[in-house]
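Bear in mind that the values here come from a model prediction, so they are computed numbers and not experimental data.
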Amino acid sequence: MSSLLPFDSVLCNLLGLSLTLWFTLLLVFIIVPAIFGVSFGIRRLYMHTLLRIFTWATLRIERGVKENRNALYKPLTNGIIARERTSLEDGISELRGSGSSMEDPEFALSDIFYFCRQGMESIMDDEVTKRFSAEELETWNLLSRTNYNFQHISLRLTVLWALGMLVRYTFLLPLRIALAVTGIGLLVFGTTVVGYLPNGRFKEFLSRHVHLMCYRICVRALTAIITYHGSENRPRNGGICVANHTSPIDVIILASDGYYAMVGQIHGGLMGVIQRAMVKSCPHVWFERSEVKDRILVAKRLTDHVQDKSKLPILIFPEGTCINNTSVMMFKKGSFEIGATIYPVAIKYDPRFGDAFWNSSKYGMVTYLLRMMTSWAIVCSVWYLPPMTRREDEDAVQFANRVKSAIARQGGLVDLLWDGGLKREKVKDVFKEEQQKLYSRLIAGNHENRSRS
């Protein structure tokens with residue numbers, strides 16, 4: 001037994017030296033730069049290296065598929081329906097044939113086929129459902145979940161994939177977990193301490209820098225590489241920042257470059273601990289579960305906040321649900337009714353390095369975070385758009401649509417009018433009634449014209 005003691009001592013010394021070196025590198029290259037908001041360019045070099053590897057792997061797959069004479073899968077949009085949108089009147093007139101017109105009898109049996117065709121086209125080329133699934137990539141990023149062509153092509157490619165998985169799970173994952181725990185721990189501790197200080201400029205200064213520091217550490221926990229555009233249009237006090245919503249990490253992406261008041265429901269568990277700590281140092285707007293559905297109360301709380309020009313801009317995601325970053329769906333009108341200046345922000349993720357979309361109906365939060373932390377990186381661009389105010393000749397819905405269109409246009413996203421809530425709910429009766437009213441007006445109008453003649 002005595003002969004093993006020196007070996008145990010050496011092993012303990014090596015382990016202690018390794019941990020000391022690990023935390024020193026963590027402190028020098030990640031935590032300290034996060035505190036001062038600087039970067040050594042290591043992540044961007046890492047990103048460019050990955051792109052070269054992905055390009056080589058994709059070309060090798062395509063060559064292997066051709067050599068084996070297999071069909072190469074290419075993600076394409078649905079090409080079955082290639083029709084331009086037509087009005088109800090034009091569509092029915094087309095079905096009735098060239099010899100008929102809408103002045104013919106009020107109802108024709110062929111009118112039924114117009115609605116049947118519309119229904120089948122909607123099923124085959126559904127604009128809503130495909131916005132809630134991860135988009136398939138044309139290139140392979142060494143993640144088996146991102147390309148249908150993943151199969152054994154060559155030994156070199158398989159070895160490269162295995163090495164990639166080894167790096168992601170044995171090096172990146174522990175590092176990211178350590179950074180996430182550090183960032184969240186510092187956020188809870190820092191905001192709690194700052195919360196005991198008397199209100200004033202010094203407290204606001206400390207709170208701002210504690211929030212920025214912790215969110216920047218959390219950004220590094222995801223190896224996030226973010227490019228910000230239009231910094232002169234950053235949201236200002238007394239305004240509302242609205243952005244398209246892809247993932248819970250949207251908050252971290254924006255909060256690592258700005259200081260915001262958050263709006264949301266009070267939670268329990270770890271999230272509740274974080275919320276209670278944050279609100280001590282910053283005027284966040286949290287609602288009880290029973291208050292969330294009270295629109296009048298929510299609107300009043302938001303109005304009181306924005307009317308005080310000394311308070312932070314509110315960060316809101318008016319879609320109300322996560323979309324897969326290919327489109328922007330209907331904005332809820334609540335934040336556009338209170339008369340505040342709106343600061344639109346467009347967020348566009350690069351799916352080649354990792355899919356940031358949270359499909360909440362398929363993955364829980366823990367599973368989603370595990371997928372994020374075992375991806376290569378989170379790469380995105382953020383555009384701060386010029387502030388917008390509601391015009392005298394538009395209502396809240398029109399204003400919301402104008403802001404949504406600006407975000408979609410800047411981010412290269414599809415602008416959709418559908419409500420994102422449709423992923424969990426049935427189509428509202430109002431949509432069906434709208435089509436019924438259009439057809440009724442068409443028939444009633446023709447009948448009225450014939451009566452006059």
Okay, side chain of [X], backbone of [Y]: is any donor-acceptor separation there less than 3.5 Å?
X	Y	result
N244	I347	yes
Q398	D395	yes
S247	I249	yes
N325	T246	no
K332	E319	yes
R220	R216	yes
H305	R301	no

Y368 ring center within less than 6.0 Å of Y363 ring center
no
Could you check, using the six-membered ring where one of them is a Trp, whether H229 and Y384 have ring centers closer than 6.0 angstrom?
no
Run the numbers on R44 and T227 for side chain to side chain donor-acceptor pair (under 3.5 Å), then give the verdict.
CA-CA 11 Å; R44 293 196 178 274; T227 305; 3.3 Å; yes
Decide yes or no on side chain to side chain donor-acceptor pair (under 3.5 Å) for T223 and R176, but give the supporting numbers first.
CA-CA 8 Å; T223 317; R176 289 168 175 172; 2.8 Å; yes
On the 0 to 90° scale, with breaks at 30° and 60°, tag the F205-F202 ring pair as parallel, tilted or perpendicular.
parallel
For F353 and F54, take the angle between the two ring planes, folded into 0 to 90°, and tell me which bin it lands in: parallel under 30, tilted 30 to 60, perpendicular over 60.
tilted
Take S281 and Y196, measure what side chain to side chain donor-acceptor pair (under 3.5 Å) needs, and give me the verdict at the end.
CA-CA 8 Å; S281 64; Y196 288 109; over 6 Å; no
Just verifying a value: how many Å separate S207 OG and L212 CG, rounded to the nearest 0.5 Å?
9.0 Å
Quick one, Y259 with N237, criterion side chain to side chain donor-acceptor pair (under 3.5 Å). Give me CA distance, side-chain angles, the key distance, then yes/no.
CA-CA 10 Å; Y259 189 31; N237 289 0; over 6 Å; no
Would you say that V306 contacts I314 through its side chain, given a criterion of any heavy-atom pair below 4.5 Å between the two side chains?
yes
Chi angles and distances behind the salt bridge (charged side-chain N to carboxylate O under 4.0 Å, His left out) call for R409, D415
CA-CA 8 Å; R409 189 165 51 250; D415 185 4; over 6 Å; no
